[in-house]
There are 2 protein chains.
Amino acid sequence: MGITVRRPGDDEPGVEMSESAATKPLLTEIDHVAIAVPDLGAAIDYYRETFGAVVDHREVVESDGVEEALLKVAESYVQLLTPTRPDSTVAKWLDKKGGPGIHHVGYRVADCAEALESVKRQGFRVLDDQPRPGSRGTTVAFIHPKDALGTLIELVQE
Amino acid sequence: MGITVRRPGDDEPGVEMSESAATKPLLTEIDHVAIAVPDLGAAIDYYRETFGAVVDHREVVESDGVEEALLKVAESYVQLLTPTRPDSTVAKWLDKKGGPGIHHVGYRVADCAEALESVKRQGFRVLDDQPRPGSRGTTVAFIHPKDALGTLIELVQE
């Protein structure tokens, strides 16, 4: 972890800067916090009744075997996520954990392909080798949690 | 979960609205996503080198037995969190999990005491019965994850 791509002794700072993500902030927003739940209706009720947060967007993503409800909070979302079939990775995650919980975090980026390349260039594993369609018309890619502080990270381009 | 405080048959909508959080959005921002890590320096390096995210604020919170580094992303933070002593709840969490991961989510609210009362009024358990000082001069309170979709939630008033 923490592969250093900056070379302190490098006498070509321009070249060094163009190679390192360290010189350019890639994250523009916490796009969402995703909470996996067994019962989407009850989870929506909880957020509405406790915090007055209401559903802004709801979508079934067949390719991932999930249904999600997005509750808008400023420019970010709380994403409530439930499996639509038993072989969904979210179904397996819920089974393993034994209940609901924080599943992943989505970071918004201007360019998903560029951010994904930055991750791959540093030798970190990814779950999506190329960006792919996400919900609400976004372009997304997941990074492997083992190389990302145990955090399943989704890069989200609007 | 999902105690209904709205009464559809109620003929006093004004009173109903004043009693129910459902009528008033309490969350104004995803304040932070907290990632617990065993090595704060390595975690800071990872975020800087991979995403160009840099430390905006760093603080030891003695009462919680943690040191945190806040990386600003728009109006939110990625909070990297490490224990400062073995009896810290974060130390125990890392031991149990066997490595780093998403520890909790912080939701920003205008009034921590009011938001905490809304949670308690609905019968949900809290970890802090009263708001208390958090890092960077905030006022905070934690909600019990068992009553909050398995999610450790921190209410944060700036």
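Letters A, B, ... are given to chains in the order of the sequence lines, protein chains preceding strands, and every chain is numbered from 1. Keep in mind that what you see is a predicted model, and the values were worked out from it rather than measured.
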**Prompt:** Where is the tightest heavy-atom contact between A/Ser76 and A/Arg108, given as atom of each residue plus distance?
**Reply:** CA-NH2, 4.3 Å
**Message:** Quick check on A/Ile35 against chain B: is it the side chain, the backbone, both or neither that has a heavy atom closer than 4.5 Å?
**Reply:** side chain
**Request:** Mind listing the closest non-hydrogen atom pair of B/Ala141 and B/Pro131 along with its distance?
**Result:** CB-CA, 4.3 Å
**Complete:** Bottom line for B/Leu71: the part with an atom under 4.5 Å from chain A's heavy atoms is neither
**Request:** Answer with side chain, backbone, both or neither: which region of B/Lys72 has an atom nearer than 4.5 Å to a non-hydrogen atom of chain A?
**Result:** neither
**B/Ile44, part contacting chain A, at a heavy-atom distance under 4.5 Å** = neither
**Item:** B/Ile30 portion near chain A, given a 4.5 angstrom heavy-atom threshold
**Value:** both
**Message:** With a 4.5 angstrom heavy-atom cut-off, is it the side chain or the backbone of B/Val37 that approaches chain A, or both, or neither?
**Reply:** side chain
**Item:** Within the 6.0 Å centroid threshold, strictly below: A/Phe142 and A/His104
**Value:** yes
**Message:** Checking side-chain polar atoms at under 3.5 Å, does B/Ser135 have a donor or acceptor matched by the opposite partner on B/Glu59?
**Reply:** no
**Item:** For A/Ile143 against A/Arg125, the heavy-atom pair lying closest together
**Value:** CG2-O, 3.7 Å
**Prompt:** Quick one: what part of B/Tyr77 sits under 4.5 Å from any heavy atom of chain A, side chain, backbone, both or neither?
**Reply:** backbone
**Message:** Does either side chain, that of A/Gln79 or that of A/His103, offer a donor lying less than 3.5 Å from an acceptor on the other one?
**Reply:** no
**Part of B/Ile153 lying under 4.5 Å from any heavy atom of chain A** = side chain
